[in-house]
Structure formats: structure tokens, C-alpha cells
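Counting convention: from 1, in listed order, for ligands and their atoms alike. All values below were derived from every heavy atom in this structure, side-chain atoms included, with hydrogens, water molecules and symmetry-related copies excluded.
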Amino acid sequence: MFVLVNLKAYPCDPVEVATAAADVADDSGVRVAVAPQAAHIDAVSETGVETWAQHVSPNEHGSHTGSTLAEAVADAGAEGTLLNHSENRLKLADIDASLDAAERADLETIVCANNPAQIGAAAALGPDAVAVEPPELIGTGTPVSSADPDIVTAAVDAAARVDGDVDVLCGAGISTGDDLVAASDLGSTGVLLASGVAKADDPRAALEDLVEPLR
Ligand SMILES: O=C(CO)COP(=O)(O)O
């Protein structure tokens with residue numbers, strides 16, 4: 001299972017979380033990555049943790065003020081990028097162009113989607129993975145794997161119908177090892193989570209609890 005911790009714009013210490021995530025990944029052998037704010041990618045990748053961008057813009061080098069250039073996040077140490085997060089939705093054409101940008105910069109890609117129909121459309125664009133995250137469960141602490149298991153299995157089916165090589169993650173409300181096991185049992189190959197770690201009093205303990213069943 002792949003555990004990707006999205007720090008969003010939460011007021012946590014990204015280096016503290018990243019250091020804990022790097023240690024937990026080393027100790028457990030579980031693939032754990034952290035997606036900080038773009039401005040923190042350099043510092044986070046310095047900890048040795050697998051580092052992801054939260055977004056890259058669809059544009060190339062050029063006159064694009066305010067963009068998040070794929071090449072720049074890769075230079076800063078990112079190995080992959082989320083696209084089309086529910087909190088940063090893109091037009092279909094922009095997802096496609098951002099995937100091209102990520103490919104140019106050699107970044108791995110996960111396209112987020114709200115439901116299985118969108119998962120099918122996202123998978124058709126050829127990312128490495130897709131992630132289903134029902135927006136109404138994001139940040140609630142109620143795990144998608146128990147609150148809406150059918151959406152996960154339907155997302156896995158939808159992606160498989162389009163492209164069997166596209167991995168499917170799930171996210172929203174995931175915070176414990178039990179949630180991770182439930183997500184795996186539903187056919188997902190990873191989880192995308194945020195508040196369970198970024199807002200935890202002890203992010204290291206939260207990460208250790210998450211990977212415990214996989215040790
Ligand atoms: O949006 C999410 C991860 O990208 C999920 O957020 P929570 O883990 O806070 O529900």
C-alpha cells in the first residue's frame with residue numbers, strides 16, 4: 001500500500017511531518033510520501049522522504065506568472081504530483097496538459113476524482129494512478145472505506161475497465177491502520193490522507209498507527 005500524506009495548507013511543520021514519515025517508511029518498509037506546499041518541497045525532500053507536489057500547472061516554461069511549473073517542482077525534489085484535487089479542480093483539458101507537463105518533468109501522477117464516473121474519465125487520460133475522494137467525507141474523520149465502501153469498489157472497477165495499468169487509491173477520512181486495511185480489502189493500492197496526520201497532536205504516532213498492520 002502507498003500512503004500519501006497531503007499537507008494541504010494546514011499550519012503543521014512540514015519538515016517535522018516529513019522527517020517522521022521518512023523514519024516510518026524506513027522502519028516499516030511501507031511506501032510513505034508527503035505532499036507539502038510547493039514552497040516547502042525543497043525542505044521536505046531534504047529529509048529523504050518521497051516528496052510530491054499538490055498540483056502542477058498545465059503550462060511550460062514561459063510567461064505564466066503564478067504558475068507551479070512541473071520542471072520547478074521536480075528540480076526542488078518532487079517525484080510526483082497530485083492533480084485535480086477536490087480542493088483544486090481543473091478543467092479536463094488542463095488535467096490533460098498538466099499530465100503532459102508532469103511527464104516532461106518525469107513526475108509520477110495521481111489524478112483525483114470525486115466519483116467512479118470521473119475516475120473512468122481520469123484513467124482515460126493515462127496517469128500512473130487515480131484517487132477517489134468523495135468531497136463530503138474529506139476532513140470529517142469518517143473513513144471512505146467504511147462510510148462509502150461501494151464508491152471505492154466502483155472506482156476500482158471503473159479504472160480497470162479503462163486501463164488495467166492505472167492504480168487506484170482512495171481518500172477522505174482515512175486516519176488509522178484499520179482504515180488502511182479496509183481500503184486495501186476494497187481493492188485500492190494506496191490511500192491519500194491529510195488531516196489524520198497534518199492535524200494530529202503527534203504526527204509521528206499517527207503515521208506509526210497507520211502502517212502498523214502492514215509491518
Ligand atoms: O483530501 C484529502 C487528501 O488529499 C483527504 O483529506 P482528509 O484525510 O483530511 O479527509
Matching residue for Phe2 among Ile110, Val32, Thr189 - test: side chain to side chain contact (heavy atoms under 4.5 Å, CB included): Ile110

What residue and atom, counting heavy atoms only, is the protein's closest point to [atom], and at what distance?
atom	answer
atom 5 (C) of ligand 1	Glu133 OE2, 3.4 Å
atom 9 (O) of ligand 1	Ser195 OG, 2.4 Å
atom 8 (O) of ligand 1	Ala194 N, 2.8 Å

Contact between ligand 1 and [X] is defined here as a heavy atom of the residue under 4.0 Å from a ligand atom; is it met?
X	result
Gly173	yes
Ala172	yes
Lys199	no

Min side-chain heavy-atom separation Leu193-Val5 under 4.5 Å: yes

Nearest-0.5 Å distance that lies between atom CD in Glu71 and atom CG in Leu107: 8.5 Å

Gap separating the OG1 atom of Thr19 from the CZ atom of Arg204, nearest 0.5 angstrom: 7.5 Å

Sub-3.5 Å N/O-N/O distance, Gly139 and ligand 1: yes

Salt bridge (Lys or Arg N to Asp or Glu O under 4.0 Å) between Glu79 and Arg31, worked out: CA-CA 13 Å; Glu79 297 176 51; Arg31 183 182 176 194; over 6 Å; no

Should you measure from each heavy atom of [X], which atoms of ligand 1 turn up under 4.0 Å away?
X	result
Ile138	1 (O), 6 (O), 10 (O)
Lys8	1 (O), 2 (C), 5 (C), 6 (O)
His85	1 (O), 2 (C), 3 (C), 4 (O)

Crowding at CD, Glu103 (>12 non-hydrogen neighbours, <6.0 Å): no

Minimal non-hydrogen separation, Ala74 against Ala105, with atom names: CB-O, 3.7 Å

